[in-house]
Protein chains: 2
Amino acid sequence: MPKLGMEPIRRAALVKATIAQIGETGSLDVTVAQIAKRAGMSSALAHHYFGGKEQIFLAAMRHTMTVYGAEVRGALLMAPDPESRLQAIIRAGFGPANFRPEVIAAWLNFYVLARTNKDAARLLSIYHARLRSNLLFNLRPLVGPRAREAAERLAGLIDGLYLREGLSADARDGKSAVALVLQSLDLELAGQGAT
Amino acid sequence: MPKLGMEPIRRAALVKATIAQIGETGSLDVTVAQIAKRAGMSSALAHHYFGGKEQIFLAAMRHTMTVYGAEVRGALLMAPDPESRLQAIIRAGFGPANFRPEVIAAWLNFYVLARTNKDAARLLSIYHARLRSNLLFNLRPLVGPRAREAAERLAGLIDGLYLREGLSADARDGKSAVALVLQSLDLELAGQGAT
DNA sequence: TTCTTTATTGACTCGTCAATCAACAATAAA
DNA sequence: TTTATTGTTGATTGACGAGTCAATAAAGAA
């Protein structure tokens, strides 16, 4: 069997298995052995290709974020104006790439890891910055100077609802969360100097 | 030393030590031995009084939530009208009882635990319900039928900003988060039928 | 063919940690 | 004093899991 060029295949399989395993056990206590078994190889091989558990997990999150980023970019291409781009960003956050139970569990895990692992923290801050700047860029022409705070709020709301939905045992589809954020966007766009 | 009536003292000490230890290590990998040592006793005694690690941690979270609840109730007493009560609820979420780094770390830990532990899930849903109903009750007279969604949004925003602040390494004071949520509240109260 | 490189694993090491237990100490009850 | 009852711990057990390593196998290079 040992053909050459197995490395990318194995890595991809491990990344996929990592997300799947986290989703299945519903917790962070996934062992390298479990992941490797699910990916059809020995745990030794997983270590061989990735070096360690955290690096396996980081690769999985990097992949998740890449897919998510692609989804956002794709949606943005379709949207002609700032407002519909904002709606697209919001929808993408709760879109199929991000809102599957396994992925939500992975994000939770990732939050925890980011408190101790430098690389995870960097990766997380990249996600935060990207979301914020995407929102900011499209809010600016609509609400001008209030854009910064509005972006902060919308980003917080997206993360918060994502978390709440993810933590409620019964897996929901995210439709209601999207609706809530979209209404919030309307409020931001409409309100110019309340109270 | 063995005077009678040690139990409540020991329990309290362990609860306090648990939060402190989580805050110090900045992660979830707190061992019973660490907690017990910090509380000035052997790990065997910790098991003796609590039965297990998860129960120690649950007791700590119950305590945290009790203190938080008291803070909210206290603030509500001072507030004469629904709007100021809403402001009080928002402020309390980022108040001193809740927003210390140790407590934030504990909450993160708790989120994770809630995915596998039944009791933790129940406790978390109690928190969720309480926040939602506190907001709802005071929003109803101000925005009528839109109260439900507004409460959902504000709750999500509070949790989301709490999470974001908690994850950013540099401990902030929550002032800006409070300001953001308060502005959101203004938007909710002002906006009646946007777009 | 022989050598080197890549792929692959089973078995093993080493640590950690939750949980248990046997034993001891001190106080209160008899 | 004897006898519970409560408090307390050091030592130990048992399990689990990350990471290592020696050994094997295939395939290409020489």
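So that the names make sense, note that chain A is the first sequence line, chain B the second, and so on, each numbered from 1. Both backbone and side-chain heavy atoms feed into the values below; hydrogens, waters and symmetry mates do not.
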Quiz prompt | Between P of D:dG19 and CD of A:Gln55, the distance in whole Å | solution = 8 Å
Self-check item: A:His48, nearest nucleotide to its side chain (from C:dT8, C:dA19, D:dA18)
Solution: C:dT8
Quiz item: Which listed nucleotide (C:dT20, C:dG10, D:dT9) is nearest to the side chain of A:Ala44?
Solution: C:dG10
Self-check item: Separation of atom CD1 in B:Ile56 from atom P in C:dC17, rounded to whole Å
Solution: 14 Å
Quiz item: Taking five pairs at each end of the helix from C:dT1-D:dA30 to C:dA30-D:dT1, what angle separates the two helix axes (nearest 10°)?
Solution: 20°
Exercise. Quick one: pull up CZ in A:Arg122 and CG in A:Leu58 and give me the separation to the nearest 0.5 Å.
Key: 9.0 Å
Exercise. Verify the contact: side-chain N or O of A:Tyr49 to OP1 or OP2 of C:dT6, cut-off strictly under 4.0 Å; return yes or no.
Key: no
Quiz item: Tell me: CG of B:Asp29 to C1' of C:dG15, nearest whole Å?
Solution: 14 Å
Self-check item: Listed nucleotide nearest any side-chain atom of A:Leu45, set C:dT8, D:dT20, C:dA19
Solution: C:dT8
Practice problem: Output the distance between atom CD1 (A:Ile56) and atom CZ (A:Arg11), rounded to the nearest 0.5 Å. | Solution: 9.5 Å
Quiz item: Between atom CZ of B:Arg115 and atom CG of B:Leu124, what is the distance when rounded to the nearest 0.5 Å?
Solution: 11.5 Å
Quiz prompt | Proximity to the side chain of B:Ser42 - top-ranked nucleotide from C:dT8, C:dA18, D:dT9 | solution = D:dT9
Practice problem: Treat each ILVMFWY residue as a node, draw an edge where side-chain heavy atoms are under 4.5 Å apart, and state whether B:Ile89 and B:Leu189 are in one component. | Solution: yes
Self-check item: Per B:Met6 side chain, nearest of listed nucleotides D:dG7, C:dT20, C:dT9
Solution: D:dG7
Exercise. Measure up the A:Trp107 and A:Tyr162 rings against each other and bin them: parallel (under 30°), tilted (30 to 60°), perpendicular (over 60°).
Key: perpendicular
Self-check item: Nearest to side-chain heavy atoms of B:Glu7, which nucleotide of C:dT9, D:dG10, D:dG7
Solution: D:dG7
Quiz item: Taking atom C1' of D:dT8 as reference, at what distance in whole Å does atom CD1 of B:Ile9 sit?
Solution: 14 Å
Quiz item: Mapping A:Pro8 and B:Gly52 onto DNA chain C by nearest heavy atom, which one lands closer to the 5' end?
Solution: A:Pro8
Quiz prompt | Length of the CD1-C1' vector between A:Ile35 and D:dG19, whole Å | solution = 14 Å
Quiz item: Is A:Arg10 near enough to C:dT8 that one of its side-chain N or O atoms lies under 4.0 angstrom from OP1 or OP2?
Solution: yes
Quiz item: When rounded to the nearest 0.5 angstrom, what is the spacing between CG in B:Asn134 and CD1 in B:Ile90?
Solution: 11.5 Å
Self-check item: Separation of A:Asp159 CG from B:Leu163 CG (nearest 0.5 Å)
Solution: 6.5 Å
Quiz item: To the nearest Å, how far apart are B:Leu28 CG and C:dC17 P?
Solution: 13 Å
Quiz item: Can you tell me how far C1' of C:dC17 sits from CZ of B:Phe57, to the nearest Å?
Solution: 17 Å
Quiz item: What is the nucleic acid contact for A:Gly51, judged by heavy atoms within less than 4.0 Å: base, sugar-phosphate only, or nothing?
Solution: nothing
Exercise. With the side chain of B:His47 defined as its heavy atoms from C-beta on, choose the nearest nucleotide among C:dA19, D:dG19, D:dT9.
Key: C:dA19
Self-check item: Interatomic distance, B:Gln34 CD vs C:dA18 C1' [rounded to whole Å]
Solution: 13 Å
Quiz prompt | Positive for side-chain contact (heavy atoms from CB on, under 4.5 Å) with A:Phe57, one of A:Leu28, A:Ile22, A:Val30, A:Ile19 | solution = A:Ile22
